[in-house]
Amino acid sequence: MSENWHYNSNGQTAGPVSMEQLQQLAEANQLKPGDLVWKAGMPQWAPASTIEGLFGTTTPTAEGATLSGAPVAQAVAPAEASPLGYFSHSGGIPPRAATVLRGFAAATGDRGDWPLSDQHLVDLQRAEAARKKIRAAAGLYRGLFALTVIAAVIFLMVGVLAMAASGSARSAGMLTGGTLFALLTAISVLYWFASNSTRKCRRWAPLTMFILFILSTALQLFSLVAISMNSRNGGVEAIGPILGMILPAAFAVYSWQAFAAIPKFLASPMWCQEALVNAKL
C-alpha cells in the first residue's frame with residue numbers, strides 16, 4: 001500500500017509514512033495497539049489495533065475507544081490544551097489541518113469532512129499564487145480606470161467653464177478641455193477592458209499594458225537625457241521625469257507578472273480555477 005499514514009505515539013504525532021513503514025514500527029514495538037493512526041479519508045483518528053493487517057490480526061474495539069476503554073478524544077487531547085479551545089497538534093483532526101490551524105479559535109463546523117488531500121492542497125496553493133498576480137494587475141487597471149474617469153470629468157468641467165469666457169481664452173479652454181477629455185476617456189476605456197480581460201486570463205490585456213507602460217517609461221527616460229544635456233539646472237528639472245518613470249516602471253512589472261502567471265493558472269486543475277474565481281479571488 002502507498003497510503004500516507006500519520007500516527008500518535010506517546011503524545012507525539014508523526015508521519016506521513018507508508019503502510020509498510022507503519023508495519024515495521026509495529027513489529028519494532030514503536031507503535032502499540034493502543035496508539036492512534038489516521039490517513040486522508042478517515043473521519044477521525046482510530047486505534048492502531050483496528051487497522052486490518054497492521055498487527056497481523058484485528059482486535060475489535062468499540063468505535064471511538066482505545067484498548068483500555070478510554071475514549072479516543074481523551075487519548076488525542078493534549079495535556080497543554082488551551083482553555084480557549086485553540087487547536088493543538090492533534091485534537092482529533094488530520095495533522096495537516098491541525099498544523100495549518102494552530103493558534104486559531106476552535107471551529108464550530110463539521111470536523112469530519114476533509115475532501116482535500118495533500119496533493120489537492122498543493123494544487124490549490126499553486127493556483128492561488130498565480131491567481132494573486134493576475135488579480136493584482138486587474139486591480140491596478142481598475143484603479144487607473146477610476147482615476148482617469150475622475151480626470152476626464154475634471155477636464156470636461158474645464159471645457160464647460162471655458163464656454164463662459166470670451167475671446168481667445170474661451171477657444172483655448174474649450175480646445176484644451178475637450179482634447180484632454182477625449183484622450184482620457186479613450187484611456188479609461190482601455191483600462192476598463194484591460195481590467196476585465198486580465199481577470200478572465202486573456203493574455204493580450206497585460207501584454208498590451210506592459211508595452212504601453214514600457215513606452216511611457218522610455219519617453220520619460222529620453223526626456224531625462226534631453227534635460228541633462230541641454231539644461232544648466234538639470235538637477236531640478238530632472239525631478240519630474242524621474243518621478244514620471246517610477247510608476248510606469250512599477251506598473252510594467254505588475255503587467256509582466258500577470259502575463260507570465262496566466263498560463264500557470266490555466267494549467268492548474270479546473271476545480272482550483274472554479275473555486276478561486278467563484279470566491280472572487
Side-chain angles (χ1 to χ4, degrees), residues 124-165 170-224 227 238-268 270 272-281:
L124 185 60
Q125 289 171 339
R126 289 175 178 171
E128 166 57 13
R131 186 66 183 174
K132 183 178 181 180
K133 296 176 181 178
I134 299 169
R135 192 167 60 244
L140 169 65
Y141 306 149
R142 183 62 58 90
L144 293 174
F145 163 75
L147 291 176
T148 51
V149 167
I150 293 173
V153 171
I154 292 174
F155 283 107
L156 177 62
M157 294 175 61
V158 170
V160 172
L161 292 175
M163 297 176 63
R170 176 179 180 178
S171 300
M174 291 179 61
L175 179 61
T176 301
T179 301
L180 290 175
F181 170 75
L183 177 62
L184 289 170
T185 299
I187 294 175
S188 66
V189 170
L190 175 61
Y191 282 142
W192 186 85
F193 276 107
S195 175
N196 284 274
S197 297
T198 300
R199 184 173 55 83
K200 295 179 180 179
C201 296
R202 297 169 182 168
R203 294 188 83 191
W204 68 263
L207 179 60
T208 300
M209 300 312 300
F210 171 77
I211 294 172
L212 292 178
F213 290 138
I214 287 295
L215 290 176
S216 177
T217 304
L219 288 174
Q220 294 295 334
L221 179 60
F222 292 149
S223 176
L224 178 62
I227 289 174
I239 294 177
I242 291 175
L243 294 177
M245 289 173 56
I246 295 176
L247 288 179
F251 296 163
V253 171
Y254 273 84
S255 299
W256 183 259
Q257 288 179 338
F259 176 75
I262 286 175
K264 298 178 182 178
F265 178 72
L266 294 178
S268 64
M270 288 200 69
C272 295
Q273 299 179 40
E274 188 223 354
L276 293 172
V277 173
N278 192 49
K280 301 188 185 304
L281 296 176

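We're numbering straight along the sequence, starting at 1.
- With a 4.5 Å cut-off on side-chain heavy atoms, L144 and I187 do not count as touching.
- To the nearest 0.5 Å, the span separating CG on L219 from CD1 on I214 amounts to 11.5 Å.
- In this structure, CG in L124 is found 5.5 Å from CG in L276, a value given to the nearest 0.5 Å.
- Distance alone, capped at 3.5 Å, is enough to place a donor-acceptor pair between the R203 side chain and the F259 backbone.
- Listed by chain and number, the residues in a side-chain hydrogen bond (donor to acceptor under 3.5 Å, both in side chains) with R142 are S195 (sequence neighbours excluded).
- Between R126 and C272 there is no side-chain heavy-atom pair separated by less than 4.5 Å.
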Practice task
Please assess R131 against S268 for the test side chain to side chain contact (heavy atoms under 4.5 Å, CB included), listing each intermediate value before the final yes or no.
Solution key: CA-CA 10 Å; R131 186 66 183 174; S268 64; over 6 Å; no
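- The shortest heavy-atom contact between A137 and A258 is CB-CB, 3.5 Å.
- Using a cutoff of 4.0 Å between basic side-chain nitrogens and carboxylate oxygens, R135 and E128 are scored as salt-bridged.
- No side-chain heavy atom of T217 sits under 4.5 Å from any side-chain heavy atom of I246.
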Handout entry: Steps toward side chain to side chain contact (heavy atoms under 4.5 Å, CB included) verdict (M209, Y141)
Key = CA-CA 9 Å; M209 300 312 300; Y141 306 149; 3.5 Å; yes
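- Taken to the nearest 0.5 Å, the OG atom of S216 stands 11.5 Å off from the CG atom of L221.
- Applying side chain to side chain contact (heavy atoms under 4.5 Å, CB included) to S188 and the options I150, L183, T148 leaves one that passes, T148.
- Counting heavy atoms from C-beta on, the side chains of R199 and I134 never come closer than 4.5 Å.
- Taking each heavy atom of F181 and A152 in turn, the nearest pair found is CD1-O, 3.1 Å.
- Contact of the Q273 side chain with the F265 side chain is registered, since non-hydrogen atoms from C-beta on lie closer than 4.5 Å.
- Between F210 and W256, the ring planes lie tilted relative to each other; the angle falls in the 30° to 60° range.
- Distance check: C201 SG to I262 CD1 gives 5.0 Å after rounding to the nearest 0.5 Å.
- At a threshold of 4.5 Å between non-hydrogen side-chain atoms, the residues P206 and Y254 do not count as touching.
- The local environment of CZ in F145 is crowded, with over 12 non-hydrogen atoms from other residues, nucleotides or ligands closer than 6.0 Å.
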